[in-house]
Colleague: 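Here you go, one structure.
Predicted, not measured: the structure shown is a model, and the values here were computed from it. Letters go in sequence order (proteins before strands), and every chain restarts at 1. What you see below is based on every heavy atom in this structure, not just the backbone, and it leaves out hydrogens, waters and symmetry mates.
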There are 4 protein chains.
Amino acid sequence: MRILFIGDVVGKTGRTAVGDHLPALIREWKLDLVVVNGENAAGGFGITEAIYQEFLDAGADAVTLGNHAWNQKEALVFIERAPRLIRPLNFPRHTPGRGAALIDTKDGRRALVINAMARIFMEPFNDPFRAIERELDACPLRETADAIIVDFHGEATSEKQSMGFFCDGRASLVVGTHTHVPTADHRILSGGTAYMSDAGMTGDYDSVIGMQKGEPLHRFTTGIPSGRFEPATGVATLSGVAVETDDATGLALKIAPVRLGGRLEPAAPSFWT
Amino acid sequence: MRILFIGDVVGKTGRTAVGDHLPALIREWKLDLVVVNGENAAGGFGITEAIYQEFLDAGADAVTLGNHAWNQKEALVFIERAPRLIRPLNFPRHTPGRGAALIDTKDGRRALVINAMARIFMEPFNDPFRAIERELDACPLRETADAIIVDFHGEATSEKQSMGFFCDGRASLVVGTHTHVPTADHRILSGGTAYMSDAGMTGDYDSVIGMQKGEPLHRFTTGIPSGRFEPATGVATLSGVAVETDDATGLALKIAPVRLGGRLEPAAPSFWT
Amino acid sequence: MRILFIGDVVGKTGRTAVGDHLPALIREWKLDLVVVNGENAAGGFGITEAIYQEFLDAGADAVTLGNHAWNQKEALVFIERAPRLIRPLNFPRHTPGRGAALIDTKDGRRALVINAMARIFMEPFNDPFRAIERELDACPLRETADAIIVDFHGEATSEKQSMGFFCDGRASLVVGTHTHVPTADHRILSGGTAYMSDAGMTGDYDSVIGMQKGEPLHRFTTGIPSGRFEPATGVATLSGVAVETDDATGLALKIAPVRLGGRLEPAAPSFWT
Amino acid sequence: MRILFIGDVVGKTGRTAVGDHLPALIREWKLDLVVVNGENAAGGFGITEAIYQEFLDAGADAVTLGNHAWNQKEALVFIERAPRLIRPLNFPRHTPGRGAALIDTKDGRRALVINAMARIFMEPFNDPFRAIERELDACPLRETADAIIVDFHGEATSEKQSMGFFCDGRASLVVGTHTHVPTADHRILSGGTAYMSDAGMTGDYDSVIGMQKGEPLHRFTTGIPSGRFEPATGVATLSGVAVETDDATGLALKIAPVRLGGRLEPAAPSFWT
Ligand SMILES: [Fe+2]
Ligand SMILES: [Fe+2]
Ligand SMILES: [Fe+2]
Ligand SMILES: [Fe+2]
Ligand SMILES: [Fe+2]
Ligand SMILES: [Fe+2]
Ligand SMILES: [Fe+2]
Ligand SMILES: [Fe+2]
C-alpha cells in the first residue's frame, strides 16, 4: 500500500499547498491512502467543517488533529458527522468524535488511523501507550487492518521514539506531529514499522512554526504580547512522509520524506518515480 | 570558511564515531572549523577532561555544552583551563568557564563560538536573546570574527526559529541542539545566516535519544523507574551540519546536513565532494 | 467520626514528631481515623516497610503516598502485603498496590481512603477526576463508607480547589498534599465536604520543603547541584487537619488545622478540647 | 513600623473588600505602610489606571504586580506615571516601569518595595535571586530603607522558601503571592525577616482561585474550554499579612495573618488590638 502522511497544515497557505499538490501526487504516486494533520488549518487554530471537506475533496482519506483540535468550536459538533476526522484517542472520556477509525482506502482496503497526544511538555491527558495498545489489540495489523497509521502528536523526542518502538511490528507507520519542523530520522524500525519523529508543518517556513515572525520575536525579546499570532502568508512547503507497505504483512518496505515547494530542501520518494 | 558542526555526542559509541570519521572529513572536506556538542559524551551525562582532549585530538576546534554541562563534576574545574570548551552563556553569573569564545580556526582566522540555553520547557536561565545580542554587538561578524556559530541548546522549535531570525545577518550559523533528532529544515535565512533547528545526536539511533530503549519504555508504560539510563552501544550515526561561508561577509553560502553511519539515511554536502 | 490527617512526613524528625504526638492525640481527641501521608518518610524519599509499620504502631489507620511513592524500591513489593498503604489511584494500570481502600476505623466503621495525583506541573498520570468519580460511585458515602477521605497530591491550587468542589457532598474531606506548606483555607464547602488545599509537611520548617537549606539555595543561586538533598534535622512541626463528621451523613461538621511543635504558629481543634 | 500586605486582589469583589476594610484598618491598626498586589484587580486580569488610583485612594502606599501585569495593555503606558506601581524586577530589560521603588510611608519614612517573579513552573524570566540581591545591596535596610518588603510572585514553595532564607536579615518581609491561597507558615526567620509563603487572594473563595467554578471544572473534567474565566462575585475575603518591624533594625518583631470577611476562618494581628 502506498501511504502519504502530510504534517500539520497551517492556515490558508498550507491549505493551498495541499490543494495544489495533493491531487497530482495521488495520481503520479498512485497513492492508496492519504492522511492529513489538520489541527492548524483554520487560521492556525483548529479546523472547520468547510476545511475538513476541502481536505477530502483534495484527496485526503483521513484528517487527524492534536492539541488545537477544538480551537474552532464547531469542530466539537461536526466531528460527529465527520467519520474521517480523528481527534486524539486519549482525550477524556465523553469527548465528541473518535480517536481511531477504520478508513476505506482508495482501492477498498481498510486502514486503521489513530491519533494520540503525547504528554511530556503537553497538557495532561490519559496514557497514550495504554490507549494505543488497546486499539492495536482490538484491530490487529493484517487481521483487521491492512495498514495502521499512528499520528502521535507531541513535543518530546524521547516520548515519540518510545512510541515508535512500542508499536514496532504492530503498526505500519508511527509519525510524530506538533513541532512543525520535519525531522530527518525517518527509518524502518527493526520490527518493520516506519518511523519519523515529526512530519513537519505544511505551511510557510519563513515564520515561527507557521506564524508571522514579528509577534513571537516580540514576545521572546520583551516578554510582552503585542498582538495575536497570525499565520504567515508566503509560499508553503508541503511536508510529510511517504511509506510503502508490504501487502502481505502490512509492515513498511520503504520510507522517504516529502517536502515540496517553499523554502525547505525538496524531497520526494525516489521509489515511486 | 568551511564549517562542520556535530550534534550532541552520546557516550562511547558517539565518541567512536567522531574519532573514526572526523580526521578524514577534515582532510577531505578541507574543514576550517569543527565544533562538537559534547554535553552527553561521558556515558550520556556531561564531559570529562579526557574526553574534551579526545575531541580536540580528533580535530574539534571547539566543544559546546548544554543542560548536562556539569553532570561530571570535574567539568566545573577543568573548564577553567580548557579555552575551547564553551558552556551556555546564560548560565548564572559566576558560573565557571565561558559562554562564548573567539577560537582560532585551522588556518588562523577567528571564529566566535557561542553556546546558549533556550528556556521553553527547560530549566530557568537568563534571557538568551539579550545575552547573545550582547556578544554579537561586542564581537561583530567580519569586524572581529570571521565566522560566528551559535549553538542554541533547547527543546521548542518556536524558540529556536526565533533565535535564528533574531541572529539573521549577524551570525554565520544558528544551529539547535538538545532534542537528539536531526531536523530537515536546514536553510539559509534571508539575511544570510545558515539555520537548522537541531543538529541531531551523534550516537546510536536504535535507542531513545541515545539511551538503551528498555528503561525509557519501562518508565513510559509503567511510570516507575527500574534502573539507570545507559547509552545504547550500537553503531552510531555522526549527525550534524556543514556550512560554507563567504569570506567577504562571514555569512553562509551553502548548508547541508551531515549524517554518516548507523541507522539514518546518509547525507553529506554535495558542494564539497 | 473524628478524623486526623497528617501531611507529608519528612525524614526522621518528621517520624519522631508522629511518634511523639500521635498516641496522645488519639487518646485526648478520641480520634476514630488517622491518615498519614508518608511519601517522604524515608530520608525524604519514599517509604520502607519498617516505617510503614512504625506509622501503624503509632496509631495511623492508613498511609498515603504521592509522586515519591517508589523512591524506596521495596515499596513496590511490600505494598502488596500492606493493606493500609495507599498509592495514587491514577498511577498506570498494573501498578502494584491500591489507590483506594476501605479501612476499618478504630471503632469498627469503614472509611474509604483515596490517594490521587494532580497533574498540573506534575508528571503525566491518568485523569484524577474520572478515577476518583469511579471510586465515589462504587463506594458512596453513608451507603458503603462511613467517611471518605481524599488525599489529592499536587502542586496547583486551581486543580486542588476544583477537586474539592468536584467531590463536594460526596466526600468527608478533600485535603491536598505535596507543597509541604500548610494552607489557611480550611473550610467546609457548601455541599458538606471539608476542604484544605494543603495539609503541610510534618518536618522541620527551618528548611526548604523539609530539606536542609544549603543545597537548594546553592542550586537556586548558581544553577549547579553540589550534593544531595538531605532532610533537615531540627525539631519538626506535626502539620495536618482535624475534621469531625456527622455520623448521619458522613459529611463534615467541623474542620480545624493542626500544627504542633517546631517553628510554625501552633493550631489545634478547639472543638475537641 | 506597622506594615500590611494584601494578597492578589481579584476582580470587583476583591476591590470592594479593599475599599470597605482598608481605611478602617489603617486607622485602627495605625498602619505605616500598606502594599497591595493588584495583578488580578481588573476582572481577574491585570490592572487599569483607575483601579490603581482606587487602591491609592483606599490607603495603599504601593501596588505590586505579577505574571498578569500587562493583561490590561494600558498598564504598559500608565505605569510610567505611576510611581507607586511596581512590576516584577526581573522582567526583561527595557520593560516599562520599575521593579523596586523607595516609597514614602505614611509618616515620612522610606520603604523599599520589591516585586519579583519566581521561575519554577512559571514563564522564563531573569534570575530573581541575583536581581533582588542587587537591590538589597544598593539600598540596604536601615541605611537607605527603613523597611524592605519583597513580594515574590510564584508557584513553588521550594523557591519561595529559598528566597525567604536568601533575604533573611536583609529584608523586613518576604511574602509570596500568585497561588491565591493563604499559607499558614507565617513566621520570623532566624535572621529577623518575616516570611509567609503566600499571602492568599483577596477575593471570593467560593471559586477556583477567584474565578467562577463552572469553567475551570468543565476544563478539568472534559479538557475542553467552553468559555472565558470570569471572577466570582460572592463576598470576598481580604487576605494578607501584618508585620511589625523594629525601628532600630528594620527587621520583624511580629507577624500575623490577616483574613477578614468571606468564607475563610478570620484572622487578625492580636498585637495591634
Ligand atoms: Fe500543529
Ligand atoms: Fe499541536
Ligand atoms: Fe544532549
Ligand atoms: Fe541537552
Ligand atoms: Fe511530599
Ligand atoms: Fe510530593
Ligand atoms: Fe494572582
Ligand atoms: Fe500570578
Colleague: Got a sec, which residues hit ring pair (Phe, Tyr, Trp, His ring centres under 6.0 Å) with Phe121(B), two or more places apart in sequence or on another chain?
Modeller: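 Listed in chain order: Phe121(A).
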Colleague: Which region of Pro257(A), side chain (C-beta onward) or backbone (N, CA, C, O), has a non-hydrogen atom less than 4.5 Å from a non-hydrogen atom of chain B, or is it both or neither?
Modeller: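 For Pro257(A), side-chain heavy atoms alone lie under 4.5 Å from chain B.
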Colleague: Hey, which of Leu189(A), Ile120(A), Ile188(A), Ile209(A) has the most heavy atom pairs under 4.5 Å with chain B?
Modeller: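 Of the candidates given, the most pairs with chain B belong to Ile209(A).
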Colleague: Once you leave out hydrogens and angles, what donor-acceptor pairs under 3.5 Å do chain B and chain A share?
Modeller:
unit_1    : atom_1 : unit_2    : atom_2 : d
Thr157(B) : OG1    : Thr179(A) : O      : 2.7
Gln161(B) : OE1    : Ile209(A) : N      : 2.6
Thr179(B) : O      : Thr157(A) : OG1    : 2.7
Pro182(B) : O      : Ala184(A) : N      : 2.7
Ala184(B) : N      : Pro182(A) : O      : 2.7
His186(B) : NE2    : Glu265(A) : OE1    : 2.6
Arg187(B) : NH2    : Tyr205(A) : O      : 2.7
Tyr205(B) : O      : Arg187(A) : NH2    : 2.8
Ile209(B) : N      : Gln161(A) : OE1    : 2.6
Glu265(B) : OE1    : His186(A) : NE2    : 2.6

Colleague: Taking ring pair (Phe, Tyr, Trp, His ring centres under 6.0 Å) as the test, write out the residues that go with Phe166(A), two or more places apart.
Modeller: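 Partners of Phe166(A) under the ring pair (Phe, Tyr, Trp, His ring centres under 6.0 Å) test: Phe129(A).
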Colleague: List the residues meeting side-chain contact (heavy atoms from CB on, under 4.5 Å) with Pro266(B), not counting sequence neighbours, and say none if there are none.
Modeller: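 So Pro266(B) forms no side-chain contact (heavy atoms from CB on, under 4.5 Å) with any residue.
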